[in-house]
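Each chain gets a letter, A, B and so on, in the order the sequences are listed, and its residues count up from 1.
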Amino acid sequence: MNTPGFFIAMLPEHLVLLGMVLLIVLDVAGRGRRAALPLALACTGAASLVALVLAVQGYSAAPFAGHFSVDPATLLAKALVLALALPVLLMSRGDFGPAADARETGLGSEFALLLLSSLYGACLMQSADSFLTLFLGLEILSLPVYTLVLLAYRRPESAEAALKYLVLGGTASATFLMGVSLIYGATGSMAITAFVQALGSGSTMAQAATVLVVVSFFLKAAVVPFHGWAPDAYEAATVPVTGFMAVIVKAAALLAVVRLFGSATLATPMLELVAVLPLLSIVWGNLAAMKQESLRRMLAYSSIAHAGYLFFALLGAPEGRLQAVTFYLLAYGVLNLLAFAALPPADDDLQRDRLDHLKGLFHRSPYAALMIGIAMLSLAGIPPFPGFVAKFLIFKNVFAAGHATWAVLGLVGSYLGIYFYLRVVQFMFMSPDAAALPTSGESTIARRWAGVASGACLAATLAVAVFPGWVLARL
Amino acid sequence: MFEAGLLNLVLFLPVLGIALLLMLPAGQDELVRRATLGTMTLQFLATTLLYIRFDPAVAGLQFETRLPWIASWGVHYQIGLDGYNILLVMLTAFLGPLVTAGAFSAIQKDVKLFYAMVFAIQFAMMGTFLAQDLFLFYVFWEAMLIPMFLMIGIWGGQRRIYATIKFFLYTAFGSILMLAALIYLVWSLQSSTGVLSFAFADLVKTQLPLDVQTWLLAAFALSFAIKVPMAPLHTWLPDAHVEAPTAGSVILAGVLLKMGTYGFMKLGFPLFPDATALFTPFLMTLAVVSIVYGACLALVQDDIKKIIAYSSISHLGYVMLGLLSLEITGIQGAVIQMVSHGLVAAGLFLMVGMIYERCHTRELSAYGGLAKLLPVYSVFFMVLTLASVGLPTTSGFTGEFLVLLGAFKAAWPVYAAGQGAWPLVLAVVAVSGVVLGALYMLRFALHFLYGPVKVPPAGDGQHGHVLTDLDGREKAILAALVVAVFALGLFPDEPMRKTEGAAKAYQQLVATPRAPVMAGGIR
């Protein structure tokens, strides 16, 4: 371990950790509630910025050789994940900020603390060189989220959903560990490169090991048939937490998978595994989303479908995978958060995201309706919005790798998704107005913060839509 | 240089228009209307200038702009005018102010959003025609769906939600397969020649084996045929037309349907000539079926919007027939027919909108003897009806006549050489479409304008209210259209000179086989 390397290479992580420590100290001093969100924002923003600057400078180092290393690609991944957390923090003031006091939730800085801790895990995963670090990151990422789902819960179903999530998350961890132990058995190594080695070897044990590891990531990213927890957990959680799960948890898992697959070209049976299940995910996610009455539940199914597109990226050539996934996550993350940030606040959390209450939203709140509309159409992959270019990139790579049939099937599957996104737009713009929901506890500051979140997401959306070439050249 | 800049301005004026509308204070509906009309008129004037400066002697693109957009994929922002798109661009720009002015009184709800959508549609349509890069083309092609979806869904009639979702899902299905085909096309170009480009000019050089061409053309053709629409893929059109507000119908019939035929002419056929030769008998049959089937359906409708909607299917069948004849006359006729139908159908839909605003019903049987009540309206209506029928001196005649001439020119040698009578049979049946066209349009006009006077109750259920004839705004809109219809009918030479080069290029591209002699796929 070399000290300056340790300091600079892990600076993003250190900043997040610093935030956590400060939060605990402030909490003890009794000032946690007021300072929590600004502090978390500052630390996350600084960490993201540092990661970005290091990435642009082409910094790479391996402070813990064999366990933890950074290079521009991983730093960029960290910068992306951290940056996507900023809108989440901004939009959470209404639910978890000082104003949440009015509902006597008794919350201090727990939300910010758990969120930072989860982010720490997300960052750690991106730099993992050994399965040990990867597992550590995965657990640090997941454990706080189980709690976050339940934090400030408003109805009993939340407890059920959180438990479901916990159990299935535990199953994912167990599956992962089983896979890793088999890989260790087959290759005698705990380095993540052993995964590629196992992929290439013909032994049944090695093959089974890789399948188990991939399945554990399917569980984390909610790919059919391992998606059961997602709709419940997404619906049960408070809106910012849903956004966090849909965007950051998924992004961290997918980026880690790409790192895991490295330069391996897929062959049977792994090829079929990452083609068939994601395809099912696309089809089923899109079909099931059509019937949902809750926005969060609908977006859960949408995120199941999007997990399918993301895993499809693995079918492409190894060189293009990281770019495709990063770009997709950028577009997908920004758009999801745009929709969540623009969702008008309401006292009744359950009613807030009934699709029925979005009816006629354009007349009550044109800005919110336009933002959610842009997010929906973009998630559906309709140009000129960024979702289209992102999808195009993935399918282009799949075509170029020679898997034309899978690509066509995936595209047709994505067609199935258009209807339910349109339905939201239809509700907001074309349906007779629903009554506005009462909003007593919302402070104007919370609204302003959420406005900043949606504004930032909108700016990013437009930038990616107008200059996709510029963004792609930097990934 | 100046012209290239001006062309970019023409394309982006609607975007500036949207920005302008956003800056206007809320509640100023009249100001919004004026601003939109002003911007659209400016666009029309700029386009006219470009039209005049367009040099028919130059082969290929004029006033071109080409900038890298997504450099690593070879995607460029490339726009330009050529013989393929010059008339359609002109048509789009010409209809813009008319659509805007036509909606002044009809649209009272969400005025600002409405005109923002009109701008967005105008932008996307212009972009589709001007794009010379397949990626850019696809972006505009698809983007156009969004504002149209909102326009039908927000300002439409009773069953607007059904109609607009059907419209979106129908067209999007075609597009998704086209997307798959275009990715495949571009990457086969790259793998065979090493050139990574989405430019039309590069893509037409792709040499693909026949089986691949067949699949790709099938995907492109599905997308374009839905948009045209050709029977049996037309069922979205009557719904969309009937439920859309007048402006939506005018845009649909005036410009949007031409995007399908333009797609065939610019992309579908020239990219895959060998597969086109294979598909021609089939597509030609579908074109003639569309002509006759559309006309027959128009004959029995009681909803006046549906009559015009089905007549559109019939008229666009001629365009397809002309494009497939591969005779210069037929191709030129097809282009004229596109513009002519754009003008005439737009005019008829505007007139239907005007009477609907007064009487609030579209049932043909509710009307009668309007000629006595609304003399000015009736004159305009009759002129447009006759243009739709194809009376000589109107634009309808030029288009249909040339298309049929081309079809016969192409069919006769085949028949004379004893290679089959099918093309000739199709051409003969297509002629019957002209007769049917006269029948349904005259039936329409007869019930509508003549016979015993029948006036439907007004919206408030009052009988015997006095119908007011056209006001100045409406007269001006229709006069502009009628002048254009006659101009195109009497002096078709001038526009045809501008498109002649493109027609020849198209004929050359499609008639030359391009599949490599050696069989064998790229995979």
Exercise. Is there side-chain contact between A:Val425 and B:Ile146, with at least one heavy-atom pair below 4.5 Å?
Worked result: no

Problem set entry | Residue pair B:Trp73 / A:Val389, side-chain heavy-atom distance below 4.5 Å | yes

Exercise. Heavy atoms under 4.5 Å from chain B: which residues of residues 360-372 of chain A carry them?
Worked result: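 Near chain B, by residue number: A:Phe362, A:His363.
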
Problem set entry | Contact residues of residues 467-475 of chain A (partner chain B; heavy-atom separation under 4.5 angstrom) |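 Heavy-atom contacts from residues 467-475 of chain A to chain B are A:Pro468, A:Gly469, A:Leu472.
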
Which region of [X], side chain (C-beta onward) or backbone (N, CA, C, O), has a non-hydrogen atom less than 4.5 Å from a non-hydrogen atom of chain B, or is it both or neither?
X	answer
A:Leu411	both
A:Ala465	backbone
A:Phe399	side chain

Using heavy-atom distances under 4.5 Å, tell me whether [X] contacts chain A through its side chain, its backbone, both, or neither.
X	answer
B:Leu136	neither
B:Ile165	side chain
B:Phe140	neither
B:Leu113	side chain
B:Phe173	both

For this session: Looking only at non-hydrogen atoms, find the nearest pair between A:Met430 and B:Arg160 and report the distance.
Result: O-NH2, 2.8 Å

Problem set entry | For the student: nearest non-hydrogen atoms of B:Ile176 and A:Ser414, plus distance |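 Taking every non-hydrogen atom into account, CD1-OG, 3.7 Å.
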
Exercise. Hey, does the side chain of A:Tyr415 reach the backbone of B:Leu169 with a donor-acceptor pair shorter than 3.5 angstrom?
Worked result: yes

Problem set entry | Enclosure of A:Lys291 NZ (heavy-atom neighbours >12, cutoff 6.0 Å) |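 Incorrect, the count does not exceed 12.
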
For this session: Taking the six-membered ring for Trp and the full ring for Phe, Tyr or His, determine whether the centres of B:Phe135 and A:Phe388 are under 6.0 Å apart.
Result: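 Yes, ring centres under 6.0 Å apart.
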
Exercise. Can you tell which of A:Phe429, A:Phe392, A:Phe385, A:Phe395 has the highest number of heavy-atom pairs within less than 4.5 Å of chain B?
Worked result: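 Top option by heavy-atom pairs under 4.5 Å: A:Phe392.
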
For this session: Just give me the residue among A:Ile418, A:Ile382, A:Val408, A:Leu422 that pairs up with chain B most often, heavy atom to heavy atom, under 4.5 Å.
Result: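 Looking at each of A:Ile418, A:Ile382, A:Val408, A:Leu422 in turn, A:Leu422 comes out on top.
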
For this session: State the CD1-CD distance between B:Ile161 and A:Gln426, to the nearest 0.5 angstrom.
Result: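 Separation between the atoms: 4.0 Å.
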
